[in-house]
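Structure first, commentary second.
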Number of protein chains: 2
Amino acid sequence: MPRKLSPEKREQFLDSALNLFVANGVKNTSTAAIAKDAGTASGTFFLYFPTKQDLINELVTQIGRQQSEYITSLLAASLSVWETFFTIWYGSIRWFLDNREAYQYFRQVRDSGLIAPEVVRESEQYFEYYYQAIQRGLNEDLIKPYPMELIGSLLYQDIVAVMNLLTAEPDPDQQENLIQFGFSIFWDGIKTE
Amino acid sequence: MPRKLSPEKREQFLDSALNLFVANGVKNTSTAAIAKDAGTASGTFFLYFPTKQDLINELVTQIGRQQSEYITSLLAASLSVWETFFTIWYGSIRWFLDNREAYQYFRQVRDSGLIAPEVVRESEQYFEYYYQAIQRGLNEDLIKPYPMELIGSLLYQDIVAVMNLLTAEPDPDQQENLIQFGFSIFWDGIKTE
DNA sequence: ATATAATGAGTGAGCAGTCAGTCATTATAA
DNA sequence: TTATAATGACTGACTGCTCACTCATTATAT
């Protein structure tokens, strides 16, 4: 971990890389292009990141961490189970909409084989609050007793399903509808009668 | 479109490419490696495909077409709406399990930016039966009146959610459970009361 | 004999990562 | 205070390698 070397410039590299990766693809973005965009010479890149792969990985974990921090900041113990799920749903989509490049990068890279499986697994740790919510729902008999991973996996993929539609839907009212409808379908699927 | 040049060899190139793409990633697989695996010299590749990109694209559409053909072969007009949805669900997962490489390639490539948007759109045409099923369900008031694209998008992503779990679950009984449970959640989400 | 299929060495472009050297800043010495 | 030394962030030309695609030549089929 570099402790010298301005942290601002480090962020600048991550920012520029995210831009270029989303615009042109990871493999089509050279480290030289990232350095240029960040306003440094090509060699400077490697003072901040030992390899290109390290930056690719760090972007993934950074995104996971930032989204996780945002969601958990919204969650309070006083919320009901339904409110908790809705907060996760709405908050995740909100954060993705406010960080579209992060969303696109995450999707682009997650199943691409560009990331070592260990890094993917590490980034999954940031979904811990999913399973706390599911556990509460199961304890309180509010959701059907299906395997936790199944419910978690469906929650995530349903959010993706809605996000994919939202990126093609400019009208805010329609966007709001899709978010609400999507959650209704998810919740009706898992709730007990 | 090459009309001479043995179609079998063409298939061989597509087969070899799918293997290698899934094992090593598209960008890390050279046309020379594909040619070698297919048992020809490196230059022969370009007699069958003008560019590497053409092969990448053709694999996507081929997979879409083959899966679509399999599913529609299962669908009969006599099926109820529930049966139709279940057949799509079960058939899609069955086909993906029997063609795991195709599944992995599809996932890897779909959001990667490696495919021109037009080709992605073209491959979406193979999901036509989704929307016929949804339309029927809406007509017969069996599913809630949400936008068709939302239901379609959720259906697809729910299948992906289950597939992702299945690839890590070796026990066939547990696999069967996940498939059934997953469908229950999806159906309970969209059905009218 | 002629057309078509196949070959594989060759070409040029692109890229990750290196390294010898520059220069502004900071530490030390007088 | 001022001269000198040390530091380390920064530079960019360079290297070695990979790869998509070409083409002159050879093999095969009819």
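Treat the numbers as computed from the prediction; the structure is a model and nothing was measured. So that the names make sense, note that chain A is the first sequence line, chain B the second, and so on, each numbered from 1.
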>> Quick check on Lys36(B): does its NZ atom have over 12 non-hydrogen neighbours (other residues, nucleotides or ligands) under 6.0 Å away?
In response: no

>> As a quick check of understanding, evaluate salt bridge (Lys or Arg N to Asp or Glu O under 4.0 Å) for Glu124(A) and Arg110(A), giving each step before the final call.
In response: CA-CA 11 Å; Glu124(A) 277 166 1; Arg110(A) 227 177 173 324; 3.7 Å; yes

>> If you only use heavy atoms from C-beta on, which nucleotide in dT18(C), dT11(D), dA5(C) is closest to the side chain of Leu47(A)?
In response: dT11(D)

>> Starting the side chain at C-beta, find the nucleotide from dC10(D), dC21(D), dG17(C) nearest to Thr51(B).
In response: dC21(D)

> Donor-acceptor pair, Trp95(A) side chain versus Tyr103(A) backbone, under 3.5 Å?
Replying inline: no

> Looking at Phe183(B), Tyr156(B), Trp187(B), which hits ring-ring contact (aromatic ring centres under 6.0 Å, His included) with Trp89(B)?
Replying inline: Phe183(B)

>> Please list, in numerical order, the residues of residues 13-30 of chain A that have a heavy atom closer than 4.0 Å to any atom of DNA chain C.
In response: Thr29(A), Ser30(A)

>> Can you pull out the residues from residues 37-45 of chain B that lie within a 4.0 Å heavy-atom distance of DNA chain C?
In response: Thr40(B), Ala41(B), Ser42(B), Gly43(B), Thr44(B)

> Hey, quick one: are Leu20(B) and Phe46(B) part of the same hydrophobic cluster, counting side-chain heavy atoms closer than 4.5 Å, chains of contacts allowed?
Replying inline: yes

>> Out of the candidates Ile88(A), Asp98(A), Ile159(A), Leu178(A), only one should pair with Ile93(A) under the side-chain contact (heavy atoms from CB on, under 4.5 Å) rule; please name it.
In response: Ile159(A)

> Which nucleotide sits closest to the side chain of Tyr48(B): dA6(C), dC10(D), dA16(C)?
Replying inline: dA6(C)

>> Tell me every residue that passes side chain to side chain contact (heavy atoms under 4.5 Å, CB included) with Asn57(A), counting only those two or more places apart in sequence or in another chain.
In response: Gln53(A), Ile115(A), Val119(A)

>> Is there a path of hydrophobic side-chain contacts, each under 4.5 Å between heavy atoms of I/L/V/M/F/W/Y residues, joining Tyr126(B) to Tyr90(B)?
In response: no

> How would you label the contact of Lys36(A) with the nucleic acid (heavy atoms, under 4.0 Å): base, sugar-phosphate, or nothing?
Replying inline: nothing

